[in-house]
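The structure under discussion appears below in the form of structure tokens.
Naming convention: chains lettered A, B, ... in sequence-line order (proteins, then strands); numbering from 1 in each chain.
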2 protein chains.
Amino acid sequence: MSPNQTDVTTAGVAQVFAALGDANRLSLLARLCDGESHSITQLTQGTGISRQGVSKHLTVMERARVVSKERVGRETRYALQPGTLQQARTYLDRASEQWDDALLRLRSFLEI
Amino acid sequence: MSPNQTDVTTAGVAQVFAALGDANRLSLLARLCDGESHSITQLTQGTGISRQGVSKHLTVMERARVVSKERVGRETRYALQPGTLQQARTYLDRASEQWDDALLRLRSFLEI
DNA sequence: TTGAAAAGCAACCAGGAGGTTGCGTATATG
DNA sequence: CATATACGCAACCTCCTGGTTGCTTTTCAA
């Protein structure tokens with residue numbers, strides 16, 4: 001209920017991965033990786049879908065805290081929220097560690 | 001159409017992330033991180049859902065190549081397919097690199 | 001002040017996700 | 001052979017997703 005950077009719940013990480021689990025959203029995310037903030041109509045350019053469609057995708061990523069929203073004048077600008085992606089990375093890193101260890105144990109068991 | 005380790009399409013990675021985008025599936029995956037293969041009924045233990053439910057989740061992860069399936073006698077055993085998780089890690093790493101660079105450029109622009 | 005740009009809100013739709021139950025089928029085992 | 005185990009298949013249900021369109025509201029600028 002109070003998801004900060006240190007508290008990484010399974011449900012929280014799952015929500016982040018779900019937010020990344022769409023090709024359109026990954027494309028949007030790639031464009032946000034320049035570190036700057038972009039308006040919705042700006043982000044709609046190049047995608048084959050409508051502005052409302054893009055807006056929905058951005059909302060999904062915002063709920064998962066992958067991006068952040070900011071109202072500037074008459075436009076809503078979205079920016080990458082890097083900490084959340086970092087969480088996802090850390091999660092995968094830990095998983096990799098685990099099976100790396102398992103593999104190592106398996107190897108030493110077989111070869112020695 | 002021929003997704004090997006080097007060819008990482010956006011749609012492919014999106015499918016992997018989508019496969020990770022569910023709390024039940026993440027729990028199953030965590031148990032597969034011991035590097036060994038487990039049967040479906042074995043994996044059903046501890047989850048609050050039915051065997052068919054678990055089977056569906058495993059099928060989703062298998063389609064995304066996150067896990068692999070193998071028939072052994074009368075049971076179907078699933079195991080982690082580590083390469084695919086590695087792909088997802090690499091994707092996030094590249095994204096992080098990008099915005100790290102962007103942040104660096106921004107800093108040097110502001111402070112010098 | 002009048003108009004255009006940017007976005008929000010709401011309704012709608014097709015399809016898929018997540019889950020269940022019931023029943024059939026292969027495979028060990030007594 | 002008989003029976004229990006492990007699983008697959010199929011139908012079904014509810015709810016969310018991804019996408020659209022239409023209309024309203026806010027904000028900037030001529």
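- Residue A:Thr41 places at least one side-chain N or O under 4.0 Å from the OP1 or OP2 atom of C:dA7.
- Using cut-offs of 30° and 60° for the angle between ring planes, the B:Phe17 and A:Phe17 rings count as parallel.
- Atom CD of A:Glu62 and atom C1' of C:dA7 are 14 Å apart (whole Å).
- Atom CG of A:Leu85 is separated from atom OG1 of A:Thr90 by 10.5 Å, given to the nearest 0.5 angstrom.
- Within residues 15-28 of chain A, the residues that place at least one heavy atom under 4.0 Å from DNA chain D are, in residue-number order, A:Asp22, A:Asn24, A:Arg25.
- The CZ atom of A:Arg31 sits 8.0 Å away from atom CD of A:Gln45, with the distance rounded to the nearest 0.5 Å.
- Chain A approaches DNA chain D within less than 4.0 angstrom (heavy atoms of the protein), and the contacting nucleotides run 5' to 3' from D:dG18 to D:dC28.
- Between A:Thr47 and A:Thr44 there is a side-chain heavy-atom pair separated by less than 4.5 Å.
- Among the protein residues, A:Ser50 comes within range of the nucleic acid bases, having at least one heavy atom under 4.0 Å from a base atom.
- Between B:Leu80 atom CG and B:Ser37 atom OG the span is 11.5 Å, to the nearest 0.5 Å.
- Not counting sequence neighbours, the partners of A:Asp93 by the salt bridge (charged side-chain N to carboxylate O under 4.0 Å, His left out) test are B:Arg89.
- For the atom pair CG of B:Leu20 and CG of A:Leu20, the computed distance is 9.5 Å after rounding to the nearest 0.5 Å.
- Side chain of B:Arg65 to main chain of B:Gln81: no donor-acceptor pair is present (N/O by atom type, distance under 3.5 Å, no hydrogens or angles).
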Side-chain donor-acceptor pairs of residues 49-62 of chain A under 3.5 Å, sequence neighbours excluded:
residue	atom	partner	partner atom	Å
A:Ser50	OG	A:Gly53	N	3.2
A:His57	ND1	A:Arg25	NH1	3.1
A:Thr59	OG1	A:Ser55	O	2.9

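- Annotation: side chain of A:Leu43 is in contact with side chain of A:Leu32 (closest heavy-atom distance under 4.5 Å).
- Shown for residues 52-60 of chain A: residues whose heavy atoms fall under 4.0 angstrom of DNA chain C, namely A:Gln52, A:Ser55.
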- Item | Base versus backbone protein contacts along nucleotides 24-30 of chain C [heavy-atom cut-off under 4.0 Å; B, S, -] | ---BS--
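- The minimum heavy-atom distance between B:Thr10 and A:Ser27, with the atom names listed, is CG2-OG, 4.4 Å.
- A:Lys69 NZ to A:Arg63 CZ: the interatomic distance, rounded to the nearest 0.5 Å, is 10.0 Å.
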- Worked verdict on B:Leu28 versus B:Val67 for side chain to side chain contact (heavy atoms under 4.5 Å, CB included): CA-CA 10 Å; B:Leu28 291 172; B:Val67 300; over 6 Å; no
